[in-house]
Amino acid sequence: MPIHPPPQQQQQQQQRSAPAPGRPLSVQQAEAALVEHYPRLVRLAYVVLPPALGRHRRVLAAHGAVQRALPGARAVPAPASRVPAQSRRRSSEEATAEAVGADAAKGPVSAPYAWMRLRVLRTALAYERRPRWWPGRLPAPAALRPTLPVVWGLRLFPRAGGADELALDRALSGVPGAVRAAFALQLLEGLTESGARALLAEAGADDPAGAVRRAAGLGAPDRAGAQVLLRSGEFDPCSVQTRPSDLLRRRHRTRALALAATLCVVAGAVVVTAERGVQGAGDEGAWVSVPALDPAALLRTAAEQWADTSRIDFTAWPVRGDRRGDDGLLGRALRAWAEPSEAVRVSATPGTVDVPPAQPPQLLFAGEVDGAAVVLFHDRGVRVVRYAEPSAGGGAAALDFARTDDADVTTGAAVVVSRTGDTARFLLAPWISTATTRDLLAPGTPDRPLEVAPDGVTAPVERPAAGGGCDSWPVLRLRSSERIVENHAFLLTDLGDLAPAHLTYTPQPGSGAFARQPREATGPEALGAWARTACSLRALSGSGVRAVNNWAFAEQRLPEGGARAEWLCTRADTWRGPGRVLVQFLPPAGSPTTPAAVVADRNDTALCSRFGQHILAGTHWKAASGRWYVLAAGSRAVDRIEATGQVRGTADGPTLAVRAPRDASVRLTAGLREGGTLAAVR
């Protein structure tokens, strides 16, 4: 939903031209600069404004700061003319605009734009200098003026970014506004440190030099990457998403205002409303007129629909649980979702929004589990929401959100309903015919039966240990029903989110064979690979992982004996899209569970997926003789590997081994059969 300046400003845009020396800038020139650079100015204001305002108020405040920057009828001060200083005294604003305007890395900016940027910066910084007695929701008095935009009934927020954008936003929220301003002026506006200091000083910032010094540490060492993140949709208040505001609170306020107005007009009149309303936030029998928050409007799927549909995901789950008809429980869960109180613990996997539902959600489960009343909702194919409250009272309720868009037979097969201590219970999909458990670190042992209640809730299942030694890695082994013609077994593991992650395995292609597709990690070869790599899954805990695939992309004969080693690329795909890759080296070992060596770790990459099928990796390896080697291996399309740097060597084919000191610095590159080169992943 793009946001643009008011139409009347667009209609009045004038031809831009540099004013003559000493000639005042006109309001029309200032307005033209504002309209032309509106998104740029609003993004700058949004980054500088205090994150404590919340994203909705920051969006509105950023637009308000830019629109209020346009002066009134009086002329804008002119830029400095080129006359001796003793003949003409310049205002500090003019000097700053001239100095900063010529300091931008993108080239000189116009005087009207530099002047407007200064006014926007002053307003944005003023929000952090409000007096203690001023209401917490409002900026300082100097920045207060009734102004557009005003939004009623909607919440606005920029599009969500990934983990890197979130980390940058958190880093910015931990520094003062002047530091955020210095950071934005250098990365968004292209100013040098001296230019940023001058502009901050003119804007009235405290300690401009200190702010510039602190800003130098933000985004380090990859300042270019930080610049890309700052220009992403996460920090763009001109391209926003909308959600409804707090509907119940709004209804309370609307009714209160209506009642007060009526009492003023007709004292003692009885107001009878035909519209159903909220009877009380704490009332057991309270119900809501808003359809999305009305227990009676919840969607309920028929019990056998999963066997007669081509869409096998959460939409095919029937409603289960012994409290699925308890409107009191369902109403409390929906109200907590719409407007959670401070007593409700809220968590969400990365990339999952926690806003109220726009339409009635689907009810999956409502029942008693491990001393808590648990309700599971599915919101229009996008997310699963879990509400839990202690049955005996006295404890805090919990509200958890997880993305589940594009779920399928495997990734939509189970949801965590309860975690207590070192165990978890799952609610299984209706198409699961058998359920067992096994330990990934014991590949040769048989599966253990898992009891499943008639309502689909499993007996407690051990969870992988979050810390300490990695002695076992419990997983679910589920089999789908023949009624949906799948009838295959697959593995799921609990990585701390509501939806467990699906584990797969891709074997090496045969000689000259096409690349293989991931398959279920249930065979001996797959279990053997996972036995040596399962403990690396700890690094993925709580990151919203959808599936993890172990791809055996190369096998290498080692020097001094000819034993064989295997190279694996472990790729974790998240529900929100970005993936993480761990490249692991598996030399011969005395135990089938000896951990592999992680030789590369890359975030937000397409490597080892269908969109990144070529890979090259290397590591240092010590032979039994004590001699050190550099080993390298590439995927099936690699036909030549070259090592340069402190050690040089080449090899035809997808593997290389060359003698090298233990700490030798080596650069590895590969040639591909179809042409092109490939650098080693680090």
Side-chain angles (χ1 to χ4, degrees), residues 1-7 9-10 31 33-70 113 116-128 137-140 143-162 164-190 203 218-219 226-245 351 353-355:
M1 175 179 145
I3 295 182
H4 301 289
Q9 292 187 7
Q10 297 180 9
E31 183 183 35
L34 184 149
V35 174
E36 179 186 4
H37 300 287
Y38 188 81
R40 180 176 172 184
L41 290 169
V42 174
R43 187 188 292 264
L44 174 64
Y46 182 83
V47 174
V48 177
L49 284 166
L53 290 173
R55 293 200 295 171
H56 172 74
R57 297 207 306 277
R58 276 173 77 192
V59 168
L60 297 182
H63 286 274
V66 174
Q67 294 180 21
R68 285 203 304 273
L70 189 67
Y113 172 74
M116 293 296 295
R117 179 175 60 188
L118 175 60
R119 290 175 62 90
V120 169
L121 189 60
R122 280 176 174 169
T123 303
L125 289 172
Y127 274 75
E128 210 162 46
R137 284 178 170 266
L138 299 177
L144 276 177
R145 284 207 302 256
T147 182
L148 295 176
V150 175
V151 176
W152 172 254
L154 289 176
R155 308 291 293 177
L156 308 180
F157 50 91
R159 300 184 181 276
D164 292 337
E165 288 89 346
L166 179 61
L168 178 60
D169 190 47
R170 287 177 176 172
L172 292 173
S173 66
V175 297
V179 179
R180 293 192 298 272
F183 184 70
L185 289 174
Q186 293 181 70
L187 270 66
L188 290 178
E189 293 294 301
L218 293 173
Q227 184 179 48
V228 173
L229 296 177
L230 207 58
R231 297 181 184 277
S232 68
E234 176 82 8
F235 300 96
D236 182 11
C238 286
S239 180
V240 298
Q241 294 176 314
T242 64
R243 291 292 186 275
S245 61
V353 294
D354 57 2
V355 297

Least distance between heavy atoms, [X] atom then [Y] atom:
| X | Y | value |
| --- | --- | --- |
| Ala226 | Leu168 | O-CD2, 4.0 Å |
| Leu44 | Arg117 | CD2-CG, 3.8 Å |
| Arg68 | Arg119 | O-NH2, 3.9 Å |
| Leu41 | Leu34 | CD1-CA, 4.3 Å |
| Ala62 | Pro237 | CB-CG, 4.5 Å |
| Thr123 | Ala65 | CG2-CB, 3.8 Å |

Step-by-step side chain to side chain donor-acceptor pair (under 3.5 Å) determination, Tyr38 to Gln67
CA-CA 9 Å; Tyr38 188 81; Gln67 294 180 21; 2.8 Å; yes

How long is the gap from CD on Glu36 to CD on Glu31, to the nearest 0.5 Å?
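Rounded to the nearest 0.5 Å, the CD-CD separation comes out at 12.5 Å.
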
What distance do Tyr113 atom OH and Glu189 atom CD have between them, rounded to the nearest 0.5 Å?
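Atom-to-atom, Tyr113:OH and Glu189:CD are 3.0 Å apart.
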
Output all residues satisfying side-chain contact (heavy atoms from CB on, under 4.5 Å) with Ala181, sequence neighbours left out; order by chain, then residue number.
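Ala181 satisfies side-chain contact (heavy atoms from CB on, under 4.5 Å) with Val48, Leu121, Leu125, Leu200 only.
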
Applying side chain to side chain contact (heavy atoms under 4.5 Å, CB included), run through Val179 and Leu172 and close with a yes or a no.
CA-CA 8 Å; Val179 179; Leu172 292 173; over 6 Å; no

Look at the side chain of Arg43 and the backbone N and O of Leu230, then say whether any donor-acceptor pair between them is shorter than 3.5 Å.
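A pair under 3.5 Å: yes.
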
Is the centre of the His63 ring less than 6.0 Å from the centre of the Tyr46 ring?
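That pair fails the under 6.0 Å test.
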
Between Asp169 and Phe235, does the side chain to side chain contact (heavy atoms under 4.5 Å, CB included) criterion hold? Intermediate values first, please.
CA-CA 9 Å; Asp169 190 47; Phe235 300 96; 3.7 Å; yes

For side chain to side chain contact (heavy atoms under 4.5 Å, CB included), just list the numbers for Arg40 and Leu188, CA-CA rounded to whole Å, side-chain angles, deciding distance to a tenth of an Å, and then say yes or no.
CA-CA 8 Å; Arg40 180 176 172 184; Leu188 290 178; over 6 Å; no

Does any non-hydrogen side-chain atom of Pro50 lie less than 4.5 Å from one of Arg58?
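No, too far: nothing below the 4.5 Å cut-off.
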
Is there a side-chain contact between Arg170 and Pro51 in this structure, where contact means two heavy atoms from C-beta onward sitting under 4.5 Å apart?
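Arg170 does not reach Pro51 side chain to side chain.
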
